[in-house]
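Following: one structure in structure tokens, then a few remarks.
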2 protein chains.
Amino acid sequence: MKRKITLKDIARELDVSISTVSKALKNSDEISRDTKEKIQAFARLYNYRPNNIAISLKNKRTKNIGVIIPDIVHHFFTTVFRGIEKYANGCGYNVIACISDESFDKEVINMEMLANGSIDGFIMALSAGTQLKKDYNHLKQVTDQGIPLVLFDRVTDEVACDKVVINDAEAAYLAVKKMIQHGRKRIALLTSEAHFNVSEKRAEGYYKALKEHNLPIDEELVLVLPHMYDEEKISERFFQQVDIDAVLCVNEIYAVRSMRHLQNQGKRIPEDVAVIGFTDGILSRLASPSLTSVAQHGELMGETAARLLVDRIEADYQDLEEPVYRTEVIRASIVERESTDST
Amino acid sequence: MKRKITLKDIARELDVSISTVSKALKNSDEISRDTKEKIQAFARLYNYRPNNIAISLKNKRTKNIGVIIPDIVHHFFTTVFRGIEKYANGCGYNVIACISDESFDKEVINMEMLANGSIDGFIMALSAGTQLKKDYNHLKQVTDQGIPLVLFDRVTDEVACDKVVINDAEAAYLAVKKMIQHGRKRIALLTSEAHFNVSEKRAEGYYKALKEHNLPIDEELVLVLPHMYDEEKISERFFQQVDIDAVLCVNEIYAVRSMRHLQNQGKRIPEDVAVIGFTDGILSRLASPSLTSVAQHGELMGETAARLLVDRIEADYQDLEEPVYRTEVIRASIVERESTDST
DNA sequence: TATCAACACGAAACCGTTTTCGTGATTGTT
DNA sequence: AACAATCACGAAAACGGTTTCGTGTTGATA
């Protein structure tokens, strides 16, 4: 087992000082050509690589960024993560991933773990628990310490930091408007509990579209699904009770399940009922009929978040005092497939 | 902006030595009650947290584990990742995630990045590129340096390390056998290119089941799908040409797509054709009809890999020379749903 | 009263780098 | 020949901890 070789080893072996080795490997012109070549050759031969930890300690920067997401088995977060990873790696950063599992406590623990020097900055989406509790002290502590933080998708106004969001309300508005323009009049909304601010935004867009087109707002057509195991039955009953010609669902799972329940009742999609979901993932593509869906462009969102964070980190190192935080908006787009009327 | 407080700060403030502070915070009984209380109170007040990087450098252990997976937007890897993260966090380890994107080069770069002190051990599944190239030198370098490595799912015999695999061949065998026992005779196989050793194993099980039940092996019923964008058309044509009463697919995407093509031809599932897929993900659950699927228990696989790795890491620290590597087998199970005959 | 533990704490080395500041040797200048 | 400037390198501090090994003080014992 070959142990890792250090500067000290090279220095001892070649009978020079550690500083000389360090400089030689950096190609400093303080060192003579001869010595540099000798040292570089030796280092190459023994495959010398500087120890990241020591460099981190010395430089007070780790080139790691911490990502905390509520759930990894979730298409949207997964694509965001990929976007982050892609951009970060491109800048020489590693990504340390933690999953909060929608729990406030886990979120706090993970942040504390990482905040003690392991990372140069955070990218995160708030867990459901945190949004419910409305306690953002752990985030404030982090920013108070001067650690850059970027929130995405599930954000809050209570914390001053960079943010990346999508135009949820507008996307929902456009989706509903499109269905109305195709003559749909009784449009249902399947949403999740309101403390997810994204659901709230989407509902907002739904109401706005109805109002603008003078359609009655019927609360019976709005189903708020709790985050539980018998979701499925609840939504099945819902579709038996209401008489509708279109549905907007706040995610693709709800949408696919809705299509199934409707089909079981003998309804045709899209002839009898049009369906639009959010989250343009694999389900939307492979459902039958394939699902018209609001694409959230998670990968772009991740890249954007990573860009904001890296910018902030590097700015910090140049002491550019510039405490103006940015919020970037990713524009969702509607991917039309078979579950809605073709134009 | 409150800067992070260090041992030195506390020592200066309280007019004691750094060593005293360090010991007091560790509750060493070398320090008097009075002094300890004073120091601990001060530390609590100023919310002192030791710097992870400094500890890592001193202890030569980072409490980080590196995970390299080929793709994050993939249900199976996602669940494995979650299992790893869950177990690792339970032991106080963080997970650094890198995505190789199925590329040999990215895999190498990521490993080198992490191997220089950032992590205590690796968990990974080989990228397609690496399996194609059959070049495992980067893995060997890592193990040569004494860095523990655990391979999962996509493994190779060429590297001596701990491994976690599933009984792919057997699972495929059992799936096909089940269909045969229900009277199915013309069973197709949809697989991907063979350099993914998992596909190979699954095909192996398929052939074995046919042979054992004296069914003819008809290569026309085997479709090897290339990893391309017009996969879909190829499989559509395939189903138009063959006359079958069952299909085994090596993943759930192929399976759902197959069902769709079959349904478009007017075939009923499972009455006319039974379908079984691999990877029991969200698609299998939400497809209609819902898909009978081989569950790979990714989360368990991840936990197992993490357990093996952590064991190995901690053993290393106790210098237990024990170079016997283990291979754990996760037993896949078949989740029966609507796409096959109910028993 | 001299001796000796036990006690409570500090000095210093160390982990592997980077970086500043000397310094001895060589070279060039007058 | 005396001096300055340049060159090539080394010593040492620093990053923030942990840990070993003193050491001065105290109280008990012979």
Side-chain angles (χ1 to χ4, degrees), chain A residues 3-40 42-43 46-64 113 115-120 145-147 317, chain B residues 3-40 42-43 46-64 113 115-120 145-147 317:
Chain A
R3 277 241 60 68
K4 278 244 101 176
I5 192 176
T6 70
L7 286 187
K8 197 195 281 188
D9 298 330
I10 301 184
R12 185 172 3 86
E13 229 44 49
L14 260 42
D15 210 41
V16 291
S17 78
I18 294 180
S19 3
T20 304
V21 179
S22 174
K23 289 169 191 164
L25 293 176
K26 293 201 134 41
N27 233 323
S28 157
D29 45 22
E30 229 180 302
I31 307 295
S32 71
R33 265 179 68 84
D34 282 6
T35 314
K36 277 199 284 193
E37 275 170 11
K38 187 178 61 177
I39 292 177
Q40 287 171 3
F42 189 91
Y46 285 92
N47 195 32
Y48 167 80
R49 306 281 162 188
N51 180 309
N52 290 332
I53 297 292
I55 293 181
S56 294
L57 182 59
K58 180 71 204 174
N59 293 351
K60 288 165 148 288
R61 59 149 50 188
T62 61
K63 285 271 181 181
N64 286 151
M113 251 179 139
N116 302 124
S118 299
I119 50 98
D120 294 338
Q145 279 173 38
I147 302 178
Y317 279 97
Chain B
R3 278 240 62 66
K4 278 243 102 177
I5 191 174
T6 70
L7 286 188
K8 197 196 281 191
D9 298 330
I10 302 184
R12 185 173 3 87
E13 230 44 51
L14 261 42
D15 209 42
V16 291
S17 78
I18 294 180
S19 5
T20 303
V21 178
S22 175
K23 288 169 191 166
L25 293 176
K26 292 200 135 41
N27 233 320
S28 157
D29 44 23
E30 228 180 302
I31 307 297
S32 71
R33 266 178 68 82
D34 281 7
T35 314
K36 276 199 283 194
E37 277 171 10
K38 187 177 63 177
I39 293 177
Q40 287 171 2
F42 189 91
Y46 284 92
N47 195 32
Y48 168 79
R49 306 280 162 188
N51 181 310
N52 290 333
I53 297 291
I55 293 180
S56 293
L57 181 59
K58 179 72 205 181
N59 294 351
K60 290 164 150 287
R61 59 148 53 188
T62 61
K63 285 273 180 180
N64 287 152
M113 251 180 140
N116 302 124
S118 299
I119 51 97
D120 294 339
Q145 279 174 38
I147 301 178
Y317 280 97

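For the numbers below, each heavy atom of this structure counts, side chains included, while hydrogens, waters and symmetry mates do not. Here is how names work: the chains are called A, B, and so on, in the same order as the sequence lines, proteins then strands, and each is numbered from 1. Remember, predicted model here, so these are calculated numbers, not experimental data.
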Of the options [options], whose atoms approach the side-chain atoms of [X] most closely?
X     : options                : result
B:V16 : C:dG10, D:dC9, D:dG16  : C:dG10
A:N51 : C:dT18, D:dT18, C:dG16 : C:dG16
B:A54 : C:dA8, C:dA11, D:dG16  : D:dG16
B:S22 : D:dG10, D:dT19, D:dG16 : D:dT19
A:T20 : D:dG17, C:dC9, D:dC9   : D:dC9

Given atom [atom1] of [X] and atom [atom2] of [N], what is their separation to the nearest angstrom?
X      : N      : atom1 : atom2 : answer
A:R3   : C:dC15 : CZ    : P     : 12 Å
B:E37  : C:dA8  : CD    : P     : 13 Å
A:R33  : D:dC7  : CZ    : C1'   : 16 Å
B:R61  : D:dG17 : CZ    : P     : 18 Å
A:I18  : D:dG10 : CD1   : P     : 11 Å
B:L7   : C:dC15 : CG    : P     : 19 Å
A:E30  : D:dA11 : CD    : P     : 14 Å
A:N116 : D:dC15 : CG    : P     : 18 Å

Are the side chain of [X] and the backbone of [Y] linked by a donor-acceptor contact shorter than 3.5 Å?
X      : Y     : answer
B:Q145 : A:R3  : no
A:N59  : A:S56 : no
B:N116 : A:P50 : no

Does a side-chain N or O of [X] approach OP1 or OP2 of [N] to a distance below 4.0 Å, or not?
X     : N      : answer
A:Y48 : C:dT17 : yes
A:K26 : C:dT17 : no
A:T35 : D:dC9  : yes
A:K8  : C:dC15 : yes

If we check side-chain contact (heavy atoms from CB on, under 4.5 Å) with A:F42, which of these qualifies: A:L25, A:I10, A:V21, A:D9?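 Only one option passes, and that is A:I10.
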State which residue, out of A:L7, A:T20, A:D34, fulfils the side-chain contact (heavy atoms from CB on, under 4.5 Å) condition with A:I39.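 Single pass found, and it is A:T20.
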Report which part of the nucleic acid [X] touches: base, sugar-phosphate, or nothing (heavy-atom distance under 4.0 Å, all strands).
X     : value
B:L57 : base
B:S19 : base
A:T6  : sugar-phosphate
A:S56 : nothing
B:K23 : base

5'-most by nearest nucleotide on DNA chain C - B:K36 or A:I5: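 The residue closer to the strand's 5' end, by nearest nucleotide, is B:K36.
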Is there a donor N/O on one and an acceptor N/O on the other, under 3.5 Å, for the side chain of A:K58 and the base of C:dT18?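 Donor-acceptor pair under 3.5 Å: yes.
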Audit row: B:M113, A:K63, side chain to side chain contact (heavy atoms under 4.5 Å, CB included) steps and yes/no: CA-CA 11 Å; B:M113 251 180 140; A:K63 285 271 181 181; over 6 Å; no
